[in-house]
Each structure stands twice: as structure tokens, then as C-alpha cells.
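Below, read A as the first sequence line, B as the second, and so on, with proteins coming before strands; counting in each chain starts at 1. Note that the coordinates shown come from a computational prediction; the quantities given were computed from them, not determined experimentally. Note: hydrogens, waters and symmetry copies are ignored here, and every other heavy atom, side chains too, is used.
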Amino acid sequence: MPELPEVETTCCGIRPFIEDQRITKITVRNYKLRWPIPTNIADILTGQQIHTVKRRAKYLLFQCDTGTLIIHLGMSGSLRILDSTDNVEKHDHVDIVVDNGYVLRFTDPRRFGAILWTEQPIDQYKLLRHLGPEPLSIDFDADYLSQQSQSRKTSIKTFIMDGRIVVGVGNIYANEALFLAGIHPKTLTGKMSLNQCEKLVSAIKNVLTKAIAAGGTTLKDFRKSDGKPGYFAQQLHVYGRKEKPCSICGTVIQHYQASQRATYFCPNCQRHK
DNA sequence: ACATTGACCTGGGAGC
DNA sequence: TGCTCCCAGGTCAATG
């Protein structure tokens with residue numbers, strides 16, 4: 001589910017309640033996520049202080065005294081701040097209680113999420129080591145995208161969803177960014193002009209920034225840390241709009257499957273070049 | 001080295 | 001009402 005804007009929204013939402021707090025209790029109700037939660041996680045973390053709460057790609061990173069707690073929301077995960085551990089529901093897998101009394105609760109129906117622990121420097125950790133630049137950083141620009149795209153042989157949509165190229169762009173925002181840039185999703189990366197790369201980089205930064213401002217996109221499961229949905233779904237131009245008219249030109253939005261991912265585009269606004 | 005596919009899970013909606 | 005099938009925001013690991 002959550003792409004960069006949803007993870008960023010979560011990060012900013014929980015930070016004021018969690019940063020600088022000490023962990024007083026951890027309850028794990030189900031250890032089986034994408035990878036098993038370390039069985040000794042409560043022993044390791046109880047009593048440790050959380051110094052910072054940060055986001056890298058779609059990972060949430062909690063820098064503690066002796067290492068980093070890593071949380072990924074997978075497809076259906078969310079983290080909420082609660083003021084008690086009451087009303088535990090079916091998919092509420094983990095509670096982290098801190099000494100101001102608040103509870104950070106991890107909920108994830110599909111259990112594609114992950115909760116891990118490492119004592120390594122975080123950028124050397126296996127899952128983060130090969131990640132590309134943050135899309136909202138100055139390192140992600142048209143020259144970079146153009147340079148990376150030359151040697152590769154795949155579609156531009158697959159390319160911008162590859163975390164080794166740029167992080168945080170999932171299926172929703174890949175569709176939206178290509179629409180905003182006027183680029184057909186099947187365009188081969190090697191055929192991208194520098195001008196197209198410029199348009200695409202701006203479109204990615206633009207759509208992610210606006211989605212963060214709206215609190216992310218809630219299609220189904222995503223909840224902000226206060227339990228409310230994000231409102232960016234109202235601003236989607238193509239994602240999920242199969243057979244509806246394009247909001248710009250009225251042409252019917254087309255749809256196809258590409259490596260098991262739904263792809264949506266306007267055949268008029270996004271012509272093959 | 002790169003590109004593609006399968007796998008991991010649950011729940012909701014469509015269609016019969 | 002109930003069953004079956006298909007689909008969903010991610011991404012690693014295995015395969016070609």
C-alpha cells in the first residue's frame with residue numbers, strides 16, 4: 001500500500017509522540033510478517049531510548065541506543081498512536097509503549113510488512129544498501145535519470161518503480177507521474193529524451209509533494225497515525241480510473257497489466273514518441 | 001549484469 | 001446466501 005507519501009505522513013505523525021521517549025513495553029501478538037520479527041525484540045528494546053524517527057525510501061527507522069528498529073508497512077500496514085492498549089483487533093500485531101504513556105500500534109492485515117532490528121550502520125544494512133536516491137532530494141535530477149536510463153532495456157514505468165534507480169515511487173504515483181509528464185508508460189527507457197527526463201523528474205517531485213500535503217492516498221487500508229485516511233485519492237488523474245474520461249481531454253483512460261501491476265494512461269495525453 | 005516471474009498473505013467485490 | 005475467482009498500495013529471491 002503505502003508509497004513514499006504515506007510513509008512520510010506516518011513518520012511525521014508519529015515523531016512528536018515517539019522521539020526522545022524510552023520504550024517501557026513491547027507486545028508482539030504475531031511474529032509472522034514478511035520476515036519473522038526477532039523473537040528477542042522485547043528484550044533488546046525494553047529500556048532503550050528512541051533518539052530519532054526517520055524515513056528512508058519506504059522504511060521507517062527508529063534510532064535507538066544500541067541499533068536501529070526498522071519498520072516497513074508492506075502493502076496494507078499502518079502505524080497509529082493510541083493512548084491505551086485497549087480494543088485490540090484482529091490484525092493489531094505489535095504494540096510499542098513509551099514512557100509518556102502513548103502506544104505505537106502496528107496493524108497489517110496482509111502481513112507483507114516487516115519489523116526488524118540491526119546494530120549495523122543503517123546504510124550498510126542489507127535491505128537499504130542498494131537503494132537509489134530519494135526522489136525529493138537534489139540528487140534526483142534529469143541528468144541522473146537520463147544517465148541511468150541509457151543502458152537499460154525496460155519500460156519507463158518499470159524503471160521508475162525500481163528502488164535501485166529511485167526510491168519511494170510505487171504503482172499509484174508511477175502512473176500519476178507519467179500522466180503529468182505526458183509520457184506513455186511503455187516508452188523504452190533508452191528512448192527517453194533529456195527533455196522527457198526533465199518533465200518526468202518534475203512530475204514525480206510534484207505528485208509526491210502534493211500527496212504528502214494531502215496526507216497520502218487511502219484506497220483501503222492506509223491510515224494516518226491519528227487513524228484517519230489520507231485524501232489524495234481525490235486528486236488522482238489516472239490510477240483506478242479505467243474507462244473514465246481523462247480529466248484534461250475527456251479521452252477514455254486505458255488500462256493494461258504489466259508484470260502483474262495495473263497500468264493506467266490517457267492515450268491522447270500520453271502518446272508514444 | 002540484467003530482466004522477468006513467483007512467492008509471501010488476507011479481505012473484498014464480482015459473477016454464478 | 002454462499003461459493004469461487006480475481007485483484008490489491010511492495011519487493012526479495014529464484015530463474016532464465
task: Any chance you could lay out the side chain to side chain contact (heavy atoms under 4.5 Å, CB included) test for A/Ile96 and A/Leu45, step after step, and finish with the verdict?
output: CA-CA 10 Å; A/Ile96 298 174; A/Leu45 278 170; 5.7 Å; no
task: Kindly assign one of parallel, tilted or perpendicular to the pair A/Tyr173 and A/Phe232, based on the angle between their ring planes and the thresholds 30° and 60°.
output: tilted
Atom-to-atom span, [atom1] of [X] to [atom2] of [N] - whole angstrom:
| X | N | atom1 | atom2 | result |
| --- | --- | --- | --- | --- |
| A/Ile160 | C/dG10 | CD1 | C1' | 15 Å |
| A/Ile165 | C/dT11 | CD1 | P | 14 Å |
| A/Leu73 | C/dG10 | CG | P | 11 Å |
| A/Met161 | C/dA8 | CE | C1' | 12 Å |
| A/Leu128 | C/dT11 | CG | P | 11 Å |
| A/Arg261 | C/dC6 | CZ | P | 18 Å |
| A/Leu4 | C/dT11 | CG | C1' | 16 Å |
| A/Leu127 | C/dT11 | CG | C1' | 10 Å |

- prompt: When you check the gap from the basic side-chain N to the acidic O, do A/Arg80 and A/Asp92 get nearer than 4.0 Å?
  reply: yes
query: Is the closest basic N to carboxylate O distance between A/Asp95 and A/Lys25 below 4.0 Å?
result: no
- prompt: Under the criterion side-chain contact (heavy atoms from CB on, under 4.5 Å), which of A/Asn175, A/Leu178, A/Val238, A/Thr158 is the partner of A/Thr263?
  reply: A/Asn175
message: Looking at A/Arg152, I'd like to know whether one of its side-chain N or O atoms comes within less than 4.0 Å of OP1 or OP2 on B/dA1.
response: no
task: Would you indicate, yes or no, if C/dA13 has its OP1 or OP2 atom less than 4.0 angstrom from a side-chain nitrogen or oxygen of A/Lys126?
output: yes
- prompt: So what does A/Tyr239 hit on the nucleic acid, given a heavy-atom distance under 4.0 Å: a base, only sugar-phosphate, or nothing?
  reply: sugar-phosphate
- prompt: With a non-hydrogen cut-off below 4.0 angstrom, is A/Tyr59 in contact with a base, only sugar-phosphate, or nothing?
  reply: sugar-phosphate
query: When rounded to the nearest 0.5 angstrom, what distance separates OG in A/Ser193 from CD1 in A/Ile183?
result: 7.5 Å
message: Do A/Lys157 and A/Phe265 form a cation-pi contact, if we require the NZ or CZ to be under 6.0 Å from the six-membered ring centre and within 45 degrees of the ring's axis?
response: no
query: Which parts of nucleotides 4-11 of chain B does protein reach within less than 4.0 Å, heavy atoms only, written one letter per nucleotide 5' to 3' as B for base, S for sugar-phosphate only and - for none?
result: S-B-BBBS
- request: Can you tell me which stems DNA chain C forms, taking runs of 3 or more consecutive Watson-Crick or G-U pairs with both distances under 3.5 Å?
  value: B:2-8 with C:10-16, B:10-16 with C:2-8
Residue pair A/Glu176 / A/Gln235, side-chain heavy-atom distance below 4.5 Å: no
task: For nucleotides B/dT5 and C/dC7, find the distance between their P atoms and express it as a whole number of Å.
output: 15 Å
P gap between B/dA1 and C/dT11, integer Å: 23 Å
- prompt: Quick one: do the A/Glu89 and A/Thr107 side chains pair a donor with an acceptor below 3.5 Å?
  reply: no
